[in-house]
Amino acid sequence: MTATLAAATATHCPYCGLQCAMTLTREAGSVTVAGRQFPTNRGGLCQKGWTSAELLRHPDRLTTPLVRDAGTLRRATWPEALDRVVDGFRSAQDAGGRDAVGIFGGGGLTNEKAYMLGKFARVALGTSNIDYNGRFCMSSAAAAGIRAFGLDRGLPFPVSDLTSAKAILLAGGNVAETMPPLVGHLTAAADSGGLIVADPRRTATVERALAGGGLHLQLAPGTDLPLALGMLHLAVTEGHLDREYVEARTDGFGDSWLAAAQWWPERTERVTGVPVASLRRAVEILSRSRRNDTGAYVLTARGAEQHATGTDTVSAWIALALTLGLPGRRGSGYGAVTGQGNGQGGREHGQKADQLPGYRKITDPVAREHVARVWGIDPADLPGPGRSAYELLDALGRPDGPRALMVHGANLAVSAPRAGHVVDRLRSLDLLVVCDFLLSETAAMADVVLPVLQWAEEEGTMTSFEGRVLRRRRATTPPDGARGELEVWRELAVRLGQPASRFPTSPEVVFDELRRASAGGVADYAGVTYARLDAGEALHWPCPDVAHPGTPRLFLDRFATDDGRARFTAVEHRGPAEPTDTEFPLLATTGRVLAHYQSGAQTRRVAELAAAAGPMFVQVHPDTAARVGLRDGDAATVVARRGRVAASVRCDESMRLDTVFLPFHFAGDARANLLTNPALDPTSRMPEFKVCAVRLEAGAGVRA
């Protein structure tokens, strides 16, 4: 098989939703990485992308199935491991019904795997209990986008449209560290003083804004919603309302204004901590650029979205954008910065508890009929909606919850909110199965570990955060013993009594089926083919037929609602689910650092990245640290109602006195998510990762 592979392969980075283009070259048994010219990264890569090939032959690579006997994982054959999985699934379902088996997917899976995982869960297992870690990433922005525009696509325009814009507001994103090549698209805004960043911390992205004369809106954690409403208030009262646009293209402005009218500038400053002068200037920058037709955008990211009020918060930012007349205009708009590599495509084709392929609702009889016809089953045999991600994890091992769980592409022991509790639920299972290529912290807990392929060893497609479908190409031969997940699911399905033909293993065959299943849906891929992608066509969904050029820019003529008009939603500020008190007087917020990705299961194994990031730390104002006898570099413990985290103190005078920051990439007693609050957004079911009440203690931490 090696001889059939080209020496140089054009593909895309395995990490974030920007999906930077790269070329992998095989030479003398190794693989080297080079950036490739592409609209998103324009030849550049970040440190994670440059080092991505190091994991392809890492000594920790899993190549043999593992099964647990007498408390210890041992090597096993594939037939033994698969039989162990099927026996466990059958035992669970015999005792507890179809929903006694759960499936947890990931936003890094290809479109083909995301699609087939949903099919496997609902057809081979008949369970409604499937969700994925994208619920922890984009769900609030998705829910708000559907509410306002009738569909959810991270950026409803190409990322290259940002390049010439002179005004960009980024709410809750540190893209200079999470996706550095994106910063190049913000240069025009930054250099003209038009980059505005709303963030509790003075991040690298904030520094870029300030260097060009832009703005840092340093809000208190959990006050993103009143910040947006306060800016909407100023947009109306100071003459920036685009009345003609609002009347022609939107509904619901009146109710939204009634909510925003309560957020006069001084009240907004008192609650958020952002000075009135900064609020006023931010609105003026956006409005002036829209009036001058020099490009104005409002973008949200996890900082605005990962709250128990995340959907309403994003709705407030969308309302500001609509008030200024931005969405659906060439050169302006609203968008959400998707985090995971296939966070967009991964949520479109059936991994979410309430969705079927094509972004169809699983409760819609017409959608059920269409997908069941493609799958060759009776619509009545499709399960209904299941539990959302955290609710699924919280139900594990309980009388009415799953007794068995299979996990793909997620490291729940580190990445889930209230991680200590989630680990307890995982331990309560009769069977935990993890498919991974490294022994992550979650895989180390499993009863069965199945070694699967890495990104450069497989074919498939990904969908970037701008809705562009991309080809992932196989560049190297996998090690003996590792198998693709499509093959794993077919083997399991056959053992469960399904015909092998129902679960193909060729990615292109699966994609052709996905095209038919998505046809006519919101996320319509019917016109996207491997041949068109391999020929270099830039295809953004919806793309309903093979003669269609794709849709790089949505909403230019109408929104995707029934009447073509965007919807304002009136929202109210409720504040963090867990306010501070005398026992827990500080607000903790979490996020990423430049060198690491997600739970760090991959990047912590790359020596260059681990060295660059250093050990776990808590970033805090020196005066806040001094109150408990701490200085820069000291060992500390951060304590919340749900757990304790060991960290090294990193003093920073730019921090708010009431706020501490923790990166979430570390394991063991350095897991930031031991602290985080699983309070859920009522619409998106997003946990409140971004704010919880804590205290800082001296000692028992990690010394720098």
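Below, each value reflects all heavy atoms present in this structure, side chains not excepted, and no hydrogens, waters or symmetry copies. Everything numeric in this text was worked out from a predicted model, so none of it was measured.
- For the residue pair Glu459/Tyr530, the side-chain donor-acceptor check at 3.5 Å is not satisfied.
- Salt-bridge formation is not detected for the pair Arg387/Asp394: no Lys NZ or Arg NE/NH1/NH2 atom is positioned less than 4.0 Å from an Asp or Glu carboxylate oxygen.
- Atoms OG1 and CD, from Thr505 and Glu491 in turn, are 9.0 Å apart once rounded to the nearest 0.5 Å.
- For the pair Glu305 and Ala336, the tightest heavy-atom approach, listed with the atom from each and the gap, is OE2-CB, 4.0 Å.
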Q.
What verdict does the side chain to side chain contact (heavy atoms under 4.5 Å, CB included) test give for Cys137 and Arg302, after you've listed the backbone C-alpha separation in whole Å, the side-chain angles of each residue and the deciding distance to 0.1 Å?
A. CA-CA 7 Å; Cys137 179; Arg302 302 301 81 71; 4.0 Å; yes
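- Proximity of Glu513 to Lys119: side-chain heavy atoms (C-beta onward) are separated by under 4.5 Å at one or more points.
- When side chains are defined from C-beta on, Trp541 counts as touching Leu151, because their heavy atoms get closer than 4.5 Å.
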Q | Intermediate values then yes/no, side chain to side chain donor-acceptor pair (under 3.5 Å), Asp99 and Ser128 | A | CA-CA 6 Å; Asp99 286 346; Ser128 68; 3.1 Å; yes
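- Judged purely by atom type and a 3.5 angstrom limit, Asp436 has no side-chain atom pairing as donor or acceptor with the backbone of Val449.
- Within the 4.5 Å cutoff, no side-chain heavy atoms of Tyr115 are placed close to those of Ser518.
- Remark: side-chain polar atoms of Ser428 are paired, donor with acceptor, to backbone N or O of Leu396 under 3.5 angstrom.
- Taking the six-membered ring for Trp and thresholds of 30 and 60 degrees, Phe136 and Phe104 have ring planes inclined between 30 and 60 degrees apart.
- Taking the six-membered ring where tryptophan is involved, the planes of His12 and Phe38 are perpendicular, since the angle between them exceeds 60° and thus also 30°.
- Defined by atom type and a distance below 3.5 Å, a donor-acceptor pair is present between the side-chain atoms of Thr461 and Glu112.
- Salt-bridge annotation for Arg604 and Asp60: absent, with no side-chain N of the basic residue lying under 4.0 Å from a carboxylate O of the acidic one.
- Between Val86 and Leu496, some side-chain heavy-atom pair lies under the 4.5 Å cut-off.
- Salt-bridge annotation for Asp534 and Arg471: present, with a side-chain N of the basic residue lying under 4.0 Å from a carboxylate O of the acidic one.
- For Asp512 and Arg515, the salt-bridge test passes: some basic side-chain N is under 4.0 Å from an acidic carboxylate O.
- Because its NZ or CZ atom is not both nearer than 6.0 Å to the ring centre of Tyr132 and within 45° of the ring axis, Arg347 does not count as a cation-pi partner of that residue.
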